[in-house]
Amino acid sequence: MIIILSFVGCSKDFLDKSPIDRIAISNFYKTPKDAEQALVAIYGNLYGGDADFIPLMAELASDNCFGGAGKGDGYGFQQIDRFQTQAGDNVNSGPWSRGYSGIFRANVLLENIDKVDWGNDTETKARYIAEARFLRAYFYFNMTRFFGEIPLVTKVIKPEDNFPKSTAEEIYKYIVEDLKFAAENLKPTDNMATAQNGHITRWAAEAMLGRVFLFYSGYYAKPDVAGVLTLQETRDYIDDIITNSGYELLPNFSSLWLVPAVSTSHIYAGEGNKETLFAIKYKFEGSFFYGNGTWARLIGPRNYANPPYGQGWGIGTVSPKLWLAYNPADSRRSASILSWNDEGQTPKYDPALDATFDQRQYTGYNWKKYMQRCVVAGSNDVVNPGINGVVAPGWGWQYWIYQDFIEIRFADVLLMGAELNLGSDLGKANAYLKRVRDRAFENADPSPVTLTGADAENRAKIFEERKLELAFEGIRYWDLLRQCGNGNFSAMHEAIDNVDPNHSADDLEGFNVTFRDETKGLFQIPNREISLMNNIIEQNSGY
Amino acid sequence: MKKNRTSLYRESFIPIRKYLRIMKLTFTLLLLGLMSFASVTYSQATKLTFESKNSSIESVFKQIETLSEFKFAYNSTKLDVDKKISIKVENQTIDAILDKILGSANFQYKIVDRYIIITDENGNNSGSIENGQSSKKVTGKVTDTSGNSLPGVSVVIKGTTNGIITDSDGKYSLSGIPENATLQFSFVGMKMQDVKVGNQTSIDVTLTEETIGIDEVVAIGYAVQKKKLVTGATSQVKNEELVKNHSVRLESAIQGMTPGMSITQKSGQPGADFNIIIRGMGSINGSNPLILIDGVPGSLNSINPQDVETIDILKDAASAAIYGSRAAGGVILVTTKKGSKGEMQVTYDGYYGIANAYRKLPMLNAKEYASIMNEAAVNSGQLPSFTIGQINSFGKGTDWQQESYNKNAPTTSHYISLTGGNEKSSYAVSLSYRKQEGIISIENKSQRENMGFHMSTQQNGKKWLKTGQNITYNHTNSGSIDDGNQWVNNQRGILTSSPLIPLYDPSQEDGYGRSSFSANQTNPIASMHYKYNSKNKSDNLMGNVFAELEIIKGLKFKSDFGMNLDISTTQTYSPIYDLSPNDKTTATSATQGMYRTFSYNWDNTLTYQKLFNKHDIMVMLGQNAQDMRYTFVQGVKSDLIIADFEHAVLNNATNLTSAQTTGTVEPQDTRFSVFGRLSYSYDDKYLATVTLRRDGSSRFGPDNRFGYFPSVSAGWVISQEKFLQSATSWLDFLKIRASWGQNGREPYDRYIFMPTITTTDRGYYFGPDESNATFYNGASPERIPSPGLKWEAATETNVGFDSRFLGDFSLTIDLYNRTSKDWIVQVPVKAITGISSPMPYINGGNVINKGIEFELGYTKTIQDWKFNVKGNIAYNKNKVTDIPNDEKIIHGSSSLFNQAAEVCRVQEGYPIGYFWGYKTGGIFQTKQEIDNYIHNGSLIQPDAKPGDVKFVDLNHDGKIDDLDKTILGKGMPDYIYGLSLSASYKGFDFSLNLQGQIGNQIVQSYRDPGNWYANYSTEILGRWTGPGTSNKIPRVTFGNDPNQNMSKISDLYVQDADFLRVKSINIGYDLKKLLLSNVPIQQCRVYLSGTNLLTFTKYNGLDPEVGFSGGYDNFSSGIDVGFYPTPRTYLIGINVTF
């Protein structure tokens, strides 16, 4: 009995157990190592996204692509292409929740960073803060471009806390302050060491400020960003990159991506090259859907694998208009687009010749940047040339996608520089543009473009160049949208609207696309999120 | 005075059963054999000290009765109980005392249990009643059904207290019997029998055992109780019923035997699991009952049915409440076989059988398949794939089902047991071996082999101490093919593979045929050959040790410590194969895994029982502690040096970069509980029980760590009442019961109450290039914690009655209403919190299960014939009344086919896990019909073409969308029923067991509509091909028809799944009766048995008993995505006892 009574006495200890494979929060955020892991977790949030990877959705919505997919698939991709309301309650929950998850992780680190025992190492602490704030701004920027006005969550909140939408001005002010902090607190050499590749640099922050300024000033038709970022400041940031960063253009355009390089007989420059300022770093290993660019499995040709073109799900068939927009002498054409007829791949691929070919909205063109590489005809096997030729067999092509997704590259910076300098320094603007075109035409530009002022006509030249240079990099759609200030969406209609004489307007098998002004180019907020927030935020118009 | 005394007992005649009632429940052993064992034990163990001077023998007997549990029976006309004696005994056994008392007289005594029968020197206690004018004398002998004489049987002249008891040879002699008298023969554990005397002077009587025994003892949790005194709803299944089905798994053995307990198989593969649901689904987290084997929490899988003595099922909340927080799904108490006193009894049971699939689906042959594919292509706007010439040349093609059958799959069982014991100890030991091959597999990949032993021993070394041990060890060796969800399901491949793929193709290196048609087609037999190279071995060692101390008379302390160790290992070999461009490997690899679960369980109970006059009180206080730990490690590595299954171990694999390891240890998962029970009964007439349990669990936060689970129940044995005495001619027993109780269910996940940091999916690759990128660990908060989470709670009210009437019938009816609320559910939280996944847990939801259960039994013995019929049927209605979210829906998974919508969900107002989809209104026969299907002037199905499905626009909004979806059925039945019949005549025996259910549906999808080239069943031949051809099956397409005929989930996928199954038929004959009468063998029974012989159902799939949920949701069942059917087995066996 005594034993039992003593047992009863210690029942509290008996029941008080702690997990072994996890850490209780009360024991964390104490050492610099903890802080590093908290920072890494924010980067970890860059992973994820499949059919709802924002750059992919933006390409589908732009004039570059159609929905594609298989004949038996649902029409979700067509609906994105057409700005239509998609079926289901939780459409776009991925972009929404991934964005806020990244913001949360940044807020967690920023709120706990003072609890860490840093000793004398204030530099590392400052760098972590700068990186965390950059990433928070990056997530906000991606979300606000996609959804428009959204709740601005600036700290760790409780489940019951609720936030209405903030104005665009508030959100962008916050973004700019974070980015400026990063640009000003990261030293020019911070994270430039190769081992640190992937971490944010001052240069990435400056480039992002350029992107933010151009989008905000365009779409919201404002001369500056909420009084915290002027045109001149932006121009200086971009010029600073071009002059001081050490980043440069690679000699061959196609060497930036694996399949484009191989298919045009160039050597793939690999990741972390001199042109890449910021990329999502994938690796040929890891677990299902984590650390891999799984979204890229969607874009390859459906049920077809012929080296170097690896199989995909046939999403985002490319508009022939884009192919035709390139000068045939432009090296970017064959680096960006796979034209089946031009490359003589196989006539069997044409659904008119092969009834079993399961590709919807076949155009004869597929996007080549980020396509999975195949090594043996008819085989899905993908090989990583980097690590002893390790093969991902069978269905490995679905998730062992290691090619980094380049968020910002130097050519984009040059073109931003050209655009920002249009009204101030045409010489600089022309020089920047020329560097991009010379690389594209291998220094034999048959029809050089000259910028002559800051008017719409000259800006259009830059937009055209950006379209050709940055196709399939998740940029085109926002470039179109930022031409639509003051609610005038003529640029969208001009670029995106498409008439297919062979199908009725509402037949999702056809190629008809009409931009819907009422959406303002924004995407649907997940209905479930609206209801979870007790409807204090409104659905975007048009949905 | 002496002359006037006509009764046998001091004062008046009291039936023996009344004496027995007041004995300790735990010592009430019913079978005669057991009784003698117990009596010797008691009489040996009981030592008395007293002194009596110059007292009558009667008063000495009285004194002994007071000091002990002994009762005396004697014929006072023979024994002079008024004789005065002086006696002094010190610490002596009853034998010695009786020798002293009776020593001088010519009397013998016999002890039956605690009952002492005193007879004259001839073993005769015959008496006469000399009060009648025209009285007569009757003599006779009373025996049991085996022909053994029964001493101590009371023989009474009905309506009087006059009677006698049988002597040690079962003989009696009674005189002074009036005309038209009726003799009533009664004995504990036997059915009372009335015999009219008439002209007879010699009446021999055979008493039969009380098979529908109200005097049976049942387990009630930490104690046993007489069934007739039980106030909750419980059921018991005994060993002899369990072994009839010759099941390897206990779940299968008890199917159909308990009203309200639904047991359905998740697969027919050897060793596959079962779904057990008692009285309807009470939670979205599943409704599994708590299973205790000799008090140790475990799995029914770890015990051989032959080793089980009884299974008690505590169904209502009041019965289960003593197990508190884990009893919301009911409790199953398994009691293993125990030894008994007597000579060693050896039993061997062995059988051999063959199993086959009892059904085959009619799939299209090659020629039919090619025509349908052509038609689908044309209907999908594509060119036909085959020419007429090709089609004509195809013939039957490959019949994959036929090729995948393991014909006459053998099943073998050997079981040997030894039982025996003496006054001091007893034992039961058994050894078993069972091997079963699956009916679907090649190369014996689906099989299970099991060997184990069970030991149970008990010691009664001291009067105040009783100890016992049970130990069960099981080793299982098995292999299986995938029979899970739509993705990992070999059976699905077999059913849908194209008949055009040749099974063998000599031109292929490995000889297996390949598809020349599509990269997505795989030869399913080749796939089975290459993919299912997996050895699973598991070892389960389970046991407990207990000691019971009697501190003072009636006060007992029992401590019971149990352990359960489960270790299983897997070893898998993946060879290099190339079955199709989309299905191949380029390296060999080996996987090894090990799981270990260890738990201990310590129960301490203090029980006091006392009878004050007619007030019987039992108090029990107890405490329980449990601790469970789980370890798991697994590794995978490629490139084997010796590339075969035998050598598929990690050390034999060379590719270091391919190595993947994972491992975890779950910390101690602990529970601490205290509980108590107070039982009261008055005169076996008014019964009441109150229990309370307080549970603490490490799975909850400090604020909500403890929960209280109370219950009250009461019973009234009306048949004991005077006002029902007039009904005794037909009503033997009637008890009405009512109970109310609460119990709980705990969360599956640990540490969800605590804010934790995780590194899972938080890291990132930094580094200059692909080769040099390094993974850095990241860490951030894992989830929104739920510190306030508490137990799911079930509250149940039960009313019912137990009855026996007309001597041979028994009927039990129960009505219940259970409300299960506060489910532990994950609810979406707004994503702006930053941790929307995993979703946090809250308590919420509510489901009501109401039902009624009937159990009717009939037993009759007519000379050598014995009949026994037992039937049960239960109705349950399940309705969700609350869901803790705005939508009032908990969504199920897409489990039916690739990209299918959810097929089952939980929603307010509907049964849990109901099937959700579109209603169809036939097939559009003509364009006109499509044009006529309009709402406000516009077409409801503008994309439809003739031959397409007409979906019902339920909400009349002019379009077909999710809002038109409705309930199409449910996986849980309305009625479950079972029936068992048995009969025996001399050495022959026969039994039949039936099982069935009514009112449930199955969603069937073997074929993914997006998988163009998947084969169809021949049903498709009745498809729509033109107006008037079919109003049910739409035209064939490649699944890309804009109308989405088959890619929308509709009632076309749903079928009624009522079935009645002949679960087993057994015919046996005891050779002993005929041939072996001289051999010292007690029984030598040979038997033939068939299981799953007939199934009556309208369901057209392979098997209507589908307990599978589709592989995702705990709240669903009845999803058939390619089911491994239950085999039909014929077996022959022998059972020898000597």
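In the text below, chain A, chain B and the rest are named by the order of the sequence lines, each starting its count at 1.
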A.B. asks: I need the B:Asp769 CG to A:Lys283 NZ distance, nearest 0.5 Å.
C.D. replies: 8.5 Å
A.B. asks: Which heavy atom of A:Ala24 sits nearest a heavy atom of B:Met754, and at what distance?
C.D. replies: CB-SD, 4.3 Å
A.B. asks: Does some side-chain heavy atom of A:Ile157 sit less than 4.5 Å from a side-chain heavy atom of B:Ile832?
C.D. replies: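 Side-chain contact under 4.5 Å: yes.
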A.B. asks: Nearest heavy-atom pair of A:Phe28 and B:Ala779: which atoms, and what distance?
C.D. replies: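 The answer is CZ-CB, 3.5 Å.
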A.B. asks: Around atom NZ of B:Lys959, are there more than 12 heavy atoms of other residues, nucleotides or ligands at under 6.0 Å?
C.D. replies: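 Open: at most 12 neighbouring heavy atoms sit under 6.0 Å from NZ of B:Lys959.
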A.B. asks: For each of B:Pro781, B:Ser638, B:Gly1039, B:Gly1010, tally heavy-atom pairs with chain A at distances under 4.5 Å, and name the one with the top tally.
C.D. replies: B:Pro781
A.B. asks: Please flag which part of A:Ala195 lies under 4.5 Å from any non-hydrogen atom of chain B: side chain, backbone, both or neither.
C.D. replies: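 The backbone, not the side chain.
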A.B. asks: Taking the side chain as every heavy atom from C-beta outward, state whether A:Phe284 and B:Glu770 have any atom pair closer than 4.5 Å.
C.D. replies: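 A side-chain contact under 4.5 Å exists here.
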A.B. asks: Does B:Ser780 reach the side chain of A:Val108, with side-chain heavy atoms less than 4.5 Å apart?
C.D. replies: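 B:Ser780 does not reach A:Val108 side chain to side chain.
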A.B. asks: Does the side chain of A:Leu15 come within less than 4.5 Å of B:Ser697's, by heavy atoms?
C.D. replies: no
A.B. asks: What part of B:Arg750 lies closer than 4.5 angstrom to a heavy atom of chain A: side chain, backbone, both or neither?
C.D. replies: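 B:Arg750 touches chain A through backbone heavy atoms alone.
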A.B. asks: Please determine which of B:Thr758, B:Ile757, B:Thr756 meets the side-chain contact (heavy atoms from CB on, under 4.5 Å) test together with A:Ile23.
C.D. replies: B:Ile757
A.B. asks: Counting distance only, does the side-chain N/O of A:Lys17 pair as donor-acceptor with the main-chain N or O of B:Thr670 below 3.5 Å?
C.D. replies: no
A.B. asks: Examine whether an atom of A:Tyr29 lies under 4.5 Å from a heavy atom of chain B, and if so say whether it belongs to the side chain, the backbone or both; otherwise answer neither.
C.D. replies: side chain
A.B. asks: Take A:Gln37 and B:Thr759 through the side-chain contact (heavy atoms from CB on, under 4.5 Å) test and state the conclusion after the steps.
C.D. replies: CA-CA 8 Å; A:Gln37 292 197 2; B:Thr759 53; 4.1 Å; yes
A.B. asks: Most heavy-atom pairs under 4.5 angstrom with chain A, which of B:Pro755, B:Gly767, B:Pro1009, B:Ser698?
C.D. replies: B:Gly767
A.B. asks: Got a second to check how far A:Glu160's CD is from B:Thr833's OG1, nearest 0.5 Å?
C.D. replies: 10.5 Å
A.B. asks: With respect to chain A, which residue among B:Ser836, B:Gly763, B:Pro785, B:Pro702 yields the maximal number of heavy-atom pairs within a distance under 4.5 Å?
C.D. replies: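 Counting heavy-atom pairs under 4.5 Å, the top option is B:Gly763.
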A.B. asks: Less than 4.5 Å to any heavy atom of chain A: does that hold for the side chain of B:Glu782, its backbone, both, or neither?
C.D. replies: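 Contact with chain A involves the side chain of B:Glu782 alone.
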A.B. asks: I'd like to check B:Tyr776 versus A:Glu36 (side-chain heavy atoms, cut-off strictly below 4.5 Å). Are they in contact?
C.D. replies: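 They are in side-chain contact.
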A.B. asks: Any donor-acceptor pair under 3.5 Å linking the side chain of A:Glu529 with the backbone of B:Ala831?
C.D. replies: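 Checked: pair present.
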A.B. asks: Indicate yes or no: at least one non-hydrogen side-chain atom of A:Leu532 is less than 4.5 angstrom from one of B:Pro828.
C.D. replies: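 SC-SC contact between A:Leu532 and B:Pro828 confirmed.
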A.B. asks: Could you check which of B:Asp578, B:Thr760, B:Val829, B:Asn777 has the highest count of heavy-atom pairs closer than 4.5 Å to chain A?
C.D. replies: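 That would be B:Asn777.
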A.B. asks: Can you find a heavy atom in the side chain of B:Tyr764 that is under 4.5 Å from one in the side chain of A:Leu39?
C.D. replies: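 No, every pair of side-chain atoms sits at 4.5 Å or beyond.
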A.B. asks: Are the side chains of A:Phe104 and B:Ile835 in touch, meaning some heavy atoms are under 4.5 Å apart?
C.D. replies: yes
A.B. asks: Do the side chains of B:Lys830 and A:Asp161 get close enough for a salt bridge, i.e. N-O under 4.0 angstrom?
C.D. replies: no
A.B. asks: Tell me, for A:Ala279 versus chain B, whether the close heavy atoms (under 4.5 Å) come from the side chain, the backbone, both or neither.
C.D. replies: backbone
A.B. asks: Got more than 12 heavy atoms from elsewhere within 6.0 Å of NZ, B:Lys888?
C.D. replies: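 Result for NZ/B:Lys888: enclosed.
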A.B. asks: Is the side chain of A:Tyr47 donor-acceptor paired with the backbone N or O of B:Asp761 at a distance under 3.5 Å, no angle test?
C.D. replies: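 Side chain of A:Tyr47 to backbone of B:Asp761, a donor-acceptor pair under 3.5 Å: no, none is there.
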A.B. asks: Using heavy-atom distances under 4.5 Å, tell me whether B:Arg671 contacts chain A through its side chain, its backbone, both, or neither.
C.D. replies: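 Backbone of B:Arg671 only, per the 4.5 Å heavy-atom cut-off to chain A.
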A.B. asks: Side chain, backbone, both or neither: which part of A:Ile150 has a non-hydrogen atom closer than 4.5 Å to chain B?
C.D. replies: neither
A.B. asks: With a 4.5 angstrom heavy-atom cut-off, could you sort out which part of B:Gln668 is near chain A: side chain, backbone, both or neither?
C.D. replies: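 It is both, since atoms from each part get that close.
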A.B. asks: How about B:Phe766 and A:Tyr43: are their ring centres within less than 6.0 Å of each other?
C.D. replies: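 Here the rings of A:Tyr43 and B:Phe766 have centres that are less than 6.0 Å from each other.
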A.B. asks: Under a 4.5 Å cutoff for heavy-atom pairs, which residue among B:Gln899, B:Gln1044, B:Arg705 has the most contacts with chain A?
C.D. replies: B:Arg705
A.B. asks: Quick one: what part of A:Lys33 sits under 4.5 Å from any heavy atom of chain B, side chain, backbone, both or neither?
C.D. replies: neither
